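Data first, discussion second: the structure below is written as structure tokens.
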Amino acid sequence: MRRGRFGPPPPDGGPRLQRVDRTGPRGGRPTLPGPVTELVTLPSGVRVEQLTTGTGDPVTVFAHGLAGDISGTRPLGSAVTGRRVFFHFRGHGRSDVPPGPWSFDDLATDLLATADLSRATRAVGVSMGAAALCRLLATGPDRFERIVLYLPAPLDGVRATASVRRLERLLASVESGEAAMIADAVEQEIPPSVRNTPAGWSFLRQRVEQLQRDGLAPELESVWSAPALAEEWLLKEFRGRALVIGCQGDETHPAAWAERIAGLLPGAELELYDRPAVLWSNRAALRDRISEFLNRP
């Protein structure tokens, strides 16, 4: 049963009906319908929302960041060969909201079960998803042949002030149910140079609609009650190939953590971009770097 999410749970486990709110962002074309997803029941009994694209092998699973969604990770896999499996962690999208508190063990369990069901041999983790992937590797160093850690979140449980405030702002806006308040919160995630562009407005509308429809679980605040991985040295046991990507000047995802994690993973490749928001400013280069790494023979 879905519980704990702001707003009443839907009768069938699906999304809440979107509120009619004339204060939300208007103008321009309406957002196009999203791709058809499915609810997959994991061995734990938790249902996660999942989208599968592409065909054949190898299979790559994509794990989003805190308060992120499937649409935010899809650009990272657009040039990756084989089958691509995107999913929502518990508390995001249409995925279940089991009783809290939650931990990175819970997120790693969701990730591992999704990978096992899809027979994925590769994984891409973003921020919180990257930290969950590190947690998984600590107990399963040979589970994946290749991994990509994009903007990995700190593993010591100490969150940047900007990260704490971002989640508080998003949860409060979703609780209000007001599109205008959600839009104000989401807009903070868009680089100033992009906010008044068609791309910025399209992203804003899509995110506001998704958060109004699906909500965001307050239990997410409990995830950082303990480090994602206290025994970082366990990453040295990883037996696959790794690419770690960071950005200079990103206060939420310090580049020092990308360097630190890359130094622990044997033979890891490290890519540091010279400014944050690379998914906005240099999307093609980021996509090509990830696909080049994952598509190598």
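What you see is a predicted model; the values in this text were computed from it and never measured. Hydrogens, waters and symmetry mates play no part in the numbers below; they use all other heavy atoms, side chains included.
- Annotation: side chain of H64 is in contact with side chain of H92 (closest heavy-atom distance under 4.5 Å).
- Among residues at least two apart or in separate chains, salt bridge (Lys or Arg N to Asp or Glu O under 4.0 Å) pairs with a member in residues 258-268 are E232-R260.
- The closest side-chain heavy-atom distance from L42 to V48 is below 4.5 Å.
- Legend: residues meeting ring pair (Phe, Tyr, Trp, His ring centres under 6.0 Å) with H253, ordered by chain and number and at least two apart, are absent.
- Not one N or O on the side chain of W280 forms a donor-acceptor pair closer than 3.5 Å with the backbone of P276.
- When all heavy atoms of G200 and I190 are compared, the closest pair comes out as O-CD1, 3.8 Å.
- Among residues two or more places apart in sequence or in another chain, the salt bridge (Lys or Arg N to Asp or Glu O under 4.0 Å) test is passed with D288 by none.
- With hydrogens and angles disregarded, a donor-acceptor distance shorter than 3.5 Å links the side chain of D96 to the backbone of R47.
- E271 is not listed as a side-chain neighbour of V244, based on a closest heavy-atom distance of 4.5 Å or more.
- Sorted by first and then second residue, the salt bridge (Lys or Arg N to Asp or Glu O under 4.0 Å) pairs involving residues 157-172 (not counting sequence neighbours) are R166-E189.
- Every pair passing salt bridge (Lys or Arg N to Asp or Glu O under 4.0 Å) that includes a residue from residues 54-75 is listed here, sequence neighbours excluded: D69-R207.
- Among residues two or more places apart in sequence or in another chain, the salt bridge (Lys or Arg N to Asp or Glu O under 4.0 Å) test is passed with D250 by none.
- At a cut-off of 3.5 Å, with distance as the only test, a side-chain donor of Q206 or S71 sits close to an acceptor on the other residue.
- Of the possible polar contacts, one joining the S95 side chain to the H88 backbone as a donor-acceptor pair under 3.5 Å is found.
- For the atom pair CD1 (I182) and OG (S176), the distance works out to 5.5 Å, reported to the nearest 0.5 Å.
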Just do the side chain to side chain contact (heavy atoms under 4.5 Å, CB included) check on I147 and F238 with the steps written out, would you?
CA-CA 10 Å; I147 62 167; F238 178 56; 4.0 Å; yes

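- Among residue pairs with one or both ends in residues 107-130, those qualifying as salt bridge (Lys or Arg N to Asp or Glu O under 4.0 Å) are R90-D110, D116-R143; sequence neighbours excluded.
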query = Passes side chain to side chain contact (heavy atoms under 4.5 Å, CB included), V59 versus T121? Steps please.
reply = CA-CA 6 Å; V59 180; T121 58; 5.6 Å; no

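- T37 has its side chain within reach of R94: a pair of non-hydrogen atoms, C-beta onward, lies under 4.5 Å apart.
- For the pair R195 (side chain) and E187 (backbone), a donor-acceptor distance under 3.5 Å is present.
- Using a 4.5 Å heavy-atom cutoff, the side chains of L272 and C247 are not in contact.
- The hydrophobic cluster containing L286 also includes L51, F62, I70, L76, V80, F86, V124, V126, V148, Y150, L151, L243, I245, Y273, V278, L279, I290, F293, L294, under a criterion of side-chain heavy atoms closer than 4.5 Å among ILVMFWY residues, counted directly or through chains of members.
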Stepwise, does the side chain to side chain contact (heavy atoms under 4.5 Å, CB included) test hold for L137 with L229? CA-CA 10 Å; L137 296 179; L229 181 59; over 6 Å; no

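- Between L66 and F89 there is no side-chain heavy-atom pair separated by less than 4.5 Å.
- Contact between A130 and P152 at its shortest, heavy atoms only, is CB-CA, 3.8 Å.
- Of all non-hydrogen atoms in V97 and G91, the two that sit nearest each other are CG2-CA, 4.0 Å.
- T60 and R83 form no side-chain donor-acceptor contact under 3.5 Å, judged by distance and modelled atom types alone.
- Under the rule for a salt bridge (Lys or Arg N to Asp or Glu O under 4.0 Å), R84 has no partner lying at least two apart in sequence or in another chain.
- Panel note: side chain S202, backbone A199; no donor-acceptor pair is recorded below 3.5 Å.
- Of the inter-residue distances, the one linking L149 atom CG with L265 atom CG reads 6.5 Å to the nearest 0.5 angstrom.
- Atoms CG and CG, from L167 and L216 in turn, are 6.5 Å apart once rounded to the nearest 0.5 Å.
- The ring pair (Phe, Tyr, Trp, His ring centres under 6.0 Å) test applied to W257 returns no partner, not counting sequence neighbours.
- E221 is linked by a salt bridge (Lys or Arg N to Asp or Glu O under 4.0 Å) to nothing, counting only residues two or more places apart in sequence or in another chain.
- The closest donor-acceptor contact from the side chain of S163 to the backbone of A160 lies at 3.5 Å or more, if one exists at all.
- In this structure, V164 shares a hydrophobic cluster with no other residue, the cluster being traced through Ile, Leu, Val, Met, Phe, Trp and Tyr side chains under 4.5 angstrom apart.
- The pair R296-E292 counts as a salt bridge, with a side-chain nitrogen and a carboxylate oxygen less than 4.0 angstrom apart.
- Side-chain atoms of N295 come within 3.5 Å of backbone N or O of T81 as a donor-acceptor pair.
- Proximity of V158 to W224: side-chain heavy atoms (C-beta onward) are nowhere separated by under 4.5 Å.
- Between L136 and L107, the closest side-chain pair of non-hydrogen atoms is not below 4.5 Å.
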